[in-house]
Amino acid sequence: MRIGLYPGTFDPVTLGHVDIIQRGMALVDRLVIGVAINRDKAPLFSLEERVAMVQAECAPILARTGGEIIVHPFENLLIDCARDVGATLILRGLRAVADFEYEFQMVGMNRALDASIETVFMMADARRQAIASKLVKEIARLGGDVSKFVTPPVAAALARKYG
Ligand code: ADP
């Protein structure tokens with residue numbers, strides 16, 4: 001049984017994340033979506049809210065792809081989280097060149113910590129590559145239309161947050 005871990009902050013989950021989750025499902029039997037507590041990033045949504053939103057997005061994906069998805073909050077080291085859930089691969093999405101430098105370092109460090117866990121990068125569909133949670137929040141905060149970037153329940157949650 002091949003288990004993959006897709007970690008992130010998911011503040012909130014976007015159509016970019018959904019795209020990567022769908023693609024990741026083709027590589028593994030079980031995808032564990034690791035929702036990081038990430039206190040440093042001071043998330044807009046609580047951990048519980050982020051987990052619930054990711055869970056809601058996964059139901060239609062599972063209906064299409066089959067397989068198994070587990071949403072798993074975590075606060076420890078990524079590599080320890082991967083070991084805890086039995087993952088042999090870590091899945092990450094790549095957007096712009098700007099992501100590369102950070103991801104490059106992460107792979108190097110994680111490999112030094114545990115060489116048996118491989119990191120796999122995927123790119124979203126061209127229309128979804130530019131989507132970033134940070135910009136989605138900015139647009140929602142300023143009253144813009146986020147319907148091209150997130151699903152209607154997430155758009156509604158953003159509207160509630162920003163009143
Ligand atoms: P993190 O704080 O770990 O970067 P994010 O929730 O921002 O958490 O992103 C989680 C993962 O999803 C990262 O690997 C990120 O590159 C990827 N990702 C986010 N948006 C997109 C997108 N539009 N296309 C491809 N990958 C994406």
Side-chain angles (χ1 to χ4, degrees), residues 3-28 30-58 60-61 65 69-82 84-85 87-111 113-114 117-141 144-151 153-155 157-158 161:
I3 303 174
L5 171 66
Y6 177 39
T9 313
F10 304 100
D11 184 43
V13 59
T14 68
L15 296 179
H17 294 124
V18 168
D19 187 301
I20 298 296
I21 294 169
Q22 247 162 230
R23 285 171 205 282
M25 290 303 287
L27 301 183
V28 296
R30 175 191 294 163
L31 186 65
V32 179
I33 304 180
V35 182
I37 292 182
N38 234 335
R39 293 207 175 83
D40 292 352
K41 276 199 172 177
L44 173 68
F45 291 97
S46 71
L47 182 66
E48 293 71 26
E49 288 170 320
R50 287 180 280 135
V51 165
M53 283 189 280
V54 171
Q55 248 152 5
E57 298 297 319
C58 289
I61 299 175
T65 62
I69 299 180
I70 293 172
V71 184
H72 176 83
F74 77 102
E75 191 169 23
N76 53 346
L77 206 56
L78 177 60
I79 213 79
D80 288 335
C81 174
D84 289 348
V85 302
T88 50
L89 69 85
I90 293 171
L91 178 64
R92 294 286 287 172
L94 264 192
R95 288 164 292 190
V97 182
D99 282 344
F100 183 80
E101 187 76 32
Y102 175 71
E103 297 293 342
F104 179 79
Q105 282 188 313
M106 284 268 288
V107 171
M109 306 277 273
N110 283 333
R111 200 171 271 168
L113 294 173
D114 189 334
I117 298 178
E118 205 58 68
T119 305
V120 173
F121 293 98
M122 298 190 110
M123 284 189 191
D125 181 83
R127 286 163 305 167
R128 292 166 166 188
Q129 272 172 20
I131 304 173
S133 298
K134 191 177 165 203
L135 297 177
V136 168
K137 281 182 282 190
E138 190 68 5
I139 293 166
R141 189 174 65 81
D145 176 12
V146 293
S147 61
K148 287 203 174 80
F149 315 127
V150 296
T151 59
V154 174
L158 279 163
K161 278 283 172 196

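Atoms considered below: every heavy atom in the structure, side chains included; atoms not considered: hydrogens, waters and symmetry mates. Counting convention: from 1, in listed order, for ligands and their atoms alike. Bear in mind that the values here come from a model prediction, so they are computed numbers and not experimental data. For this chain, numbers begin at 1 and follow the sequence in order.
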Enquirer: Any heavy atom of P7 sitting closer than 4.0 Å to ligand 1?
Expert: yes
Enquirer: Looking only at distances, can you tell me whether any N or O atom of E103, backbone or side chain, sits closer than 3.5 Å to an N or O atom of ligand 1?
Expert: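 No, there is no polar N/O contact under 3.5 Å.
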Enquirer: Among the heavy atoms of F121, does any lie under 4.0 Å from an atom of ligand 1?
Expert: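 So F121 does not count as touching ligand 1.
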Enquirer: Does the side chain of N76 come under 3.5 Å of the side chain of D84 through a donor N or O and an acceptor N or O?
Expert: yes
Enquirer: Side chains of V107 and R92, heavy atoms from C-beta outward: is any pair under 4.5 Å?
Expert: no
Enquirer: Closer than 4.0 Å to some heavy atom of F10 - which atoms of ligand 1 meet that?
Expert: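 Selected atoms, number and element: 6 (O).
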Enquirer: Pull out every atom of ligand 1 sitting under 4.0 Å from any heavy atom of A124, numbered as shown with elements.
Expert: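 Listed by number with element: 24 (N), 25 (C).
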Enquirer: Is it the case that ligand 1 has an N or O less than 3.5 angstrom from some N or O of A132?
Expert: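 Between A132 and ligand 1, no N or O pair is found under 3.5 Å apart.
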Enquirer: Report the part of I20 in contact with ligand 1, treating N, CA, C, O as backbone and CB onward as side chain, heavy atoms under 4.0 Å; options are side chain, backbone, both, neither.
Expert: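 Side chain only; the backbone of I20 stays clear of ligand 1.
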Enquirer: Geometry only, no angles: is G93 polar-contacting ligand 1 at N/O separations under 3.5 Å?
Expert: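 There is such a contact, yes.
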Enquirer: Looking only at protein heavy atoms, identify the closest one to atom 8 (O) of ligand 1 and say how far it is in Å.
Expert: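 Sorting protein heavy atoms by distance from atom 8 (O) of ligand 1 puts T9 N, 3.0 Å first.
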Enquirer: Report the relative orientation of the aromatic rings in F74 and H72; use parallel for angles under 30°, tilted for 30 to 60°, perpendicular for over 60°.
Expert: parallel
Enquirer: Before signing off on this row, confirm whether T14 and ligand 1 have an N or O atom pair separated by under 3.5 Å.
Expert: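 Looking only at distances, the answer is no, because the N/O contact criterion of under 3.5 Å is not met.
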Enquirer: Could you measure the distance from the OG1 atom of T14 to the CZ atom of R128? Nearest 0.5 Å is fine.
Expert: 9.0 Å
Enquirer: Atom NZ of residue position K148 - does it have more than 12 heavy atoms of other residues, nucleotides or ligands inside 6.0 Å?
Expert: no
Enquirer: Is there side-chain contact between R23 and L91, with heavy atoms separated by less than 4.5 Å?
Expert: no
Enquirer: Pairs of nitrogen or oxygen atoms closer than 3.5 Å, one from K41 and one from ligand 1: do any exist?
Expert: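 K41 vs ligand 1: N/O contact under 3.5 Å present.
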Enquirer: Flag M122 as yes when one of its N or O atoms lies below 3.5 Å from any N or O atom of ligand 1, and as no otherwise.
Expert: no
Enquirer: Per the salt bridge (charged side-chain N to carboxylate O under 4.0 Å, His left out) rule, which among K134, K137, K161 passes with D11?
Expert: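 So, applying the salt bridge (charged side-chain N to carboxylate O under 4.0 Å, His left out) to D11 and each of K134, K137, K161, only K137 qualifies.
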Enquirer: Can you tell me how far CZ of R30 sits from CD1 of I3, rounded to the nearest 0.5 angstrom?
Expert: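 Reported to 0.5 Å precision, the distance equals 4.5 Å.
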Enquirer: Measuring from atom CD1 of I70 to atom CD of Q55, what distance do you get when rounded to the nearest 0.5 angstrom?
Expert: 10.5 Å
Enquirer: Measuring from atom 3 (O) of ligand 1, which candidate in R95, R92, M123, M106 has the nearest non-hydrogen atom?
Expert: R92
Enquirer: Find all atoms of ligand 1 within a distance of less than 4.0 Å from any non-hydrogen atom belonging to G16, and give their numbers and elements.
Expert: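 Going through ligand 1 atom by atom, the ones under 4.0 Å from G16 are 22 (C), 23 (N).
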Enquirer: When you compare ligand 1 with R128, is there at least one nitrogen or oxygen pair between them that comes in under 3.5 angstrom?
Expert: yes
Enquirer: Could you tell me the residue and atom name of the protein heavy atom closest to atom 12 (O) of ligand 1, and the distance to it rounded to 0.1 Å?
Expert: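 Answer for atom 12 (O) of ligand 1: Y6 OH, 2.6 Å.
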Enquirer: Search all heavy atoms of E57 against all heavy atoms of V18 and return the closest pair with its distance.
Expert: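 Shortest heavy-atom contact: OE1-CG2, 3.8 Å.
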Enquirer: So D99 and F121, do their side chains get closer than 4.5 Å, heavy atoms only?
Expert: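 No, side chains not in contact.
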Enquirer: Where is the nearest protein heavy atom to atom 9 (O) of ligand 1: which residue, which atom, and how far?
Expert: H17 NE2, 3.5 Å
